[in-house]
Structures are given as structure tokens and as C-alpha cells.
Amino acid sequence: MAKILVTGGAGFIGSHTCLVLLDAGHELVVVDNLSNSSLASLNRVASLAGVAPASKAGPTDRLQFVEGEIRDTPCLEAIFQQAEAQGQPIDAVIHFAGLKAVGESVAEPLRYWDVNVHGTLSLLQVMANHGCHTFVFSSSATLYGYPDHVPIPETAAIQPINPYGYTKAAAERLLNDLATSAQELWRIACLRYFNPVGAHPSGQIGEDPLGIPNNLFPFVSQVAVGRRECLQVFGGDWPTPDGTCIRDYIHVMDLAEGHRAALDCLLEEPPQLLSLNLGSGRGISVLEVIQAFAEASERPIPHAIVSRRPGDAAITVADPAEALRRLGWQTQHSLQDICRDGWAWQSANPQGYASEP
Ligand code: UD1
């Protein structure tokens, strides 16, 4: 059992990972500014895990919540100090908090660099002050830009093509420098996610983007539930078998298990820095997603092919062999599982967490 600080733990990937970590017996302190997430998600996590609700938790409960900012150093200092005062210092940090919309990062680079890079730096500084050196970082396949070949191994060139990608690359660079500076201390995992989708099979927690979704899956599920009329398919003339882009979609519960496995590995093995792809190795086209979701929801998904979206690559698929070798981890869920669970969430919560009474 470890005591883990989870930044951004109320968000989509964070909430599912919190559930997996609670089920594995860990104790969590979540810090989240709720800018793109809801405390309802953590209360549902608590109920699924059978622990006290995060919003009412006291210092001895297994899921505690602090509304705060990763750039707010006094807030982070207070979290570490309180845990030390209780005789249970923070053993590790899993860092999800950050901004992730590509278009927004082009319009607001200062904000993206501030939150994603400066935020990570201040968090690491507080960890170092308190002798905490175990860190799992939310990285992204966006690092690879337009990949030279697929499937993409971790040794592929890091060549981001937008400010969001540069902030992830900069944070990974920082982590590499830190690990090199004190190899006997730091235990770091940079987890490069491919396309996280789906939901917990209970339908209690899932993805709840603010406003109009940028990403394919939430858009498709909002069309299925009647919140949006028609999906635009960005390009039907890509060099792929059906002309639509191919991605490596990974069930969010597989991704959550990947974090648990990475943390176990860091805590058990000697200090090291791991950079790992978390993907399935399976390529799925946009039209295949639409068809599978229509089958799972038993509803048509009206869609129209429009022009390509600037910045898209034709095919992005992980080579996940290294994660299997280092963590013994691989994805377990099919596209059908992803659509079934995604639909369970969307149909039970048509307005996301705002459906909460
Ligand atoms: C996007 C980001 C990536 C980020 C990831 C986070 C871009 C270019 N890339 O990945 O940096 O890490 O989200 O999850 O924004 N599509 C449609 N119609 C839609 C939405 C998407 O046809 O309304 C297509 C896209 O063209 C793409 C596929 O669906 O081919 C997947 O798109 P999306 O879910 O946005 O993910 P990525 O672009 O792979």
C-alpha cells in the first residue's frame, strides 16, 4: 500500500485510475482545480470503491480531495506537510493535471506552457523538497507528430507539431534531465497515451468534455444520445483502406491498469526512468468506430465526410511491445467493449455529470 498524490484525479483518465488504485489498496490524495472536471466523478469513484465520498473525507479516509492548482506551491507544500504530520508521507505522485486541446494550445501558448511545463516543474520542486522521487507522468503519442513509420516504437523521433505537443516534449525533457542528475533517487515513468476512450463498465464514470467535443469518441457518443445532429468525418481521401484516418484507441480501464502497473514497477525496481507507449497496437478507422458505436448503441450515427482537419496524421498506431516487456501490461479490451462501456456511460448520463440531481 502506498500513499499517492494524484493531480487532475477528477478528470477522465484520472478518475478511472483512482478507482483502480483504490481497488489495489492504495491511499489517495487528489488535487484538482476542477477547471475541466467535476467532483461528482470522485464521489462516484468513492462509491464504486466502497470508501467515504471524497467531498466529505477526513484525514484518515482513503480518498481525500483538495481543490487546488499545481502551480500553487503553498497548496502543494501543505499537502505534503499534512501527510508527513500524520506519519504517512506521500510515496509517489501521478501527474494528470494539464491542458490537452490542440487548437486551444495554438491560440494560447503562454497558458499551455504555464500549466503543462511550469506546473510540472513546480510540482517536481515540491516533491524534491520533501524527498519524494516517484513520479508517473501523463505524456502523449502527440510527441511523435507525423510518425515516420507505424507501429511507432518509443525510439521514434520526438517531433511535435503543435504547442500542446511541445509542452509534453518539454516536460519529458525536464524529467530526463532530472533523472540524469540523480540516478540513484528518481523513479519516473513517462506514459505516452494513444487515444484514450470508453468508460468504466458500470456506466457511472466516463468522459465529460466541456462544450463541443474536439475528439472523435465523445462526439460520436453525443450524436448517438441525441445531443448533436451529425458527425463530421475529417477526410475520406486518406491513404488508408477506407479513406478515413486510423488511430490506436485504448479503453480507459486498460490505461488505468497501465498506470497501476507502472507505479508497481517503479516502487519495486531500482530507480530508473521509463518512457512507454500505452496503446493496443491495433489500428481502427473513423468509419469502423462509427459502425461499432452504432451497433453498441443500436442507433444510427448520422455522419458526413468533410475536408481533412489540419494537423491530422493518416495513421497513428503504437508499438506496445516495450510496455509488455517492462510492465507485463497489455490492453485487454476490444473496440466492442469500448463502445459498449462508452454507451453505458453516455446513455445513463446524457448530459455528463451535469445530469447529477
Ligand atoms: C487528438 C490530438 C492529440 C491529443 C489527443 C488527445 C489533434 C490533431 N490531435 O488526437 O494531440 O493527444 O487528441 O486525446 O487534435 N475525427 C473526425 N471527426 C471529429 C473528430 C475527430 O473525423 O469530429 C477524426 C480525426 O480526424 C482523427 C480521428 O477522428 O482522424 C481521431 O481524432 P481525435 O479523437 O481528435 O484524436 P487525435 O486527433 O488522434
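In what follows, every heavy atom counts, from backbone to side chain, and hydrogens, waters and symmetry copies are set aside. Both counts, for ligands and for their atoms, begin at 1 and track the order of listing. Note that the structure is predicted; figures quoted are calculated from it, not measured.
Checked against the 6.0 Å centroid threshold, Phe217 and Trp343 do not count as a close aromatic pair. Phe194 has its ring centre no less than 6.0 Å from the ring centre of Tyr249. A centroid separation of 6.0 Å or more is found between the aromatic rings of Phe137 and His259.
Looking only at heavy atoms of the protein, atom 9 (N) of ligand 1 is closest to Val102 CG2, 3.7 Å. Remark: minimum distance from atom 4 (C) of ligand 1 to any protein heavy atom is reached at Tyr164 CE2, 4.0 Å. Ranking protein heavy atoms by distance to atom 13 (O) of ligand 1, first place goes to Asn215 ND2, 2.9 Å. Counting only heavy atoms of the protein, atom 19 (C) of ligand 1 lies nearest to Phe234 CE1, 3.3 Å. The shortest contact between atom 39 (O) of ligand 1 and any protein heavy atom is with Arg247 NE, 2.6 Å. For atom 32 (O) of ligand 1, the closest non-hydrogen atom on the protein side is Arg309 NH2, 3.5 Å. Scanning the protein for heavy atoms near atom 36 (O) of ligand 1, the closest one is Asn195 ND2, 3.1 Å. Scanning all protein heavy atoms for the shortest distance to atom 18 (N) of ligand 1 gives Gln232 O, 2.7 Å.
A side-chain donor from one of Glu77 and His130 sits under 3.5 Å from a side-chain acceptor of the other. Counted by atom type alone, Ser139 and Tyr193 present zero donor-acceptor pairs between their side chains at under 3.5 Å. Defined by atom type and a distance below 3.5 Å, a donor-acceptor pair is missing between the side-chain atoms of Glu67 and Asn33. For the 3.5 Å distance criterion, the side chains of Thr331 and His251 fail to qualify, holding no donor opposite an acceptor. Defined by atom type and a distance below 3.5 Å, a donor-acceptor pair is missing between the side-chain atoms of Tyr164 and Glu104.
Atoms of ligand 1 lying under 4.0 Å from at least one heavy atom of Tyr249, given by number and element, are 28 (C), 31 (C). Per-residue contacts place Cys245 under 4.0 angstrom from the following atoms of ligand 1 (heavy atoms of the residue considered): 30 (O). Near Ser140, the atoms of ligand 1 lying under 4.0 angstrom from a non-hydrogen atom of the residue are 12 (O). Ligand-side atoms of ligand 1 in range of Asn214: 20 (C), 35 (O), range being under 4.0 angstrom from any heavy atom.
When only interatomic distances are considered, the shortest N/O to N/O separation between Leu216 and ligand 1 falls below 3.5 Å. In terms of polar-atom proximity, Asp312 is counted as a contact of ligand 1, with an N or O under 3.5 Å from an N or O of the ligand.
Within 6.0 Å of CD in Glu184 there are more than 12 heavy atoms belonging to other residues, nucleotides or ligands.
When heavy-atom distances to ligand 1 are checked against a 4.0 Å cut-off, Val289 has no atom that comes that close, whether in backbone or side chain.
Using a 4.0 Å heavy-atom cutoff, Val233 is listed among the residues neighbouring ligand 1. For the ligand labelled ligand 1, residue Tyr144 lies outside the 4.0 Å heavy-atom shell.
Closest non-hydrogen pair, Ala169 versus Pro160, comes out as CB-CG, 3.9 Å.
Remark: of the listed residues Gln346, Arg227, Arg228, Gln346 is the sole one forming a side-chain contact (heavy atoms from CB on, under 4.5 Å) with Ser221.
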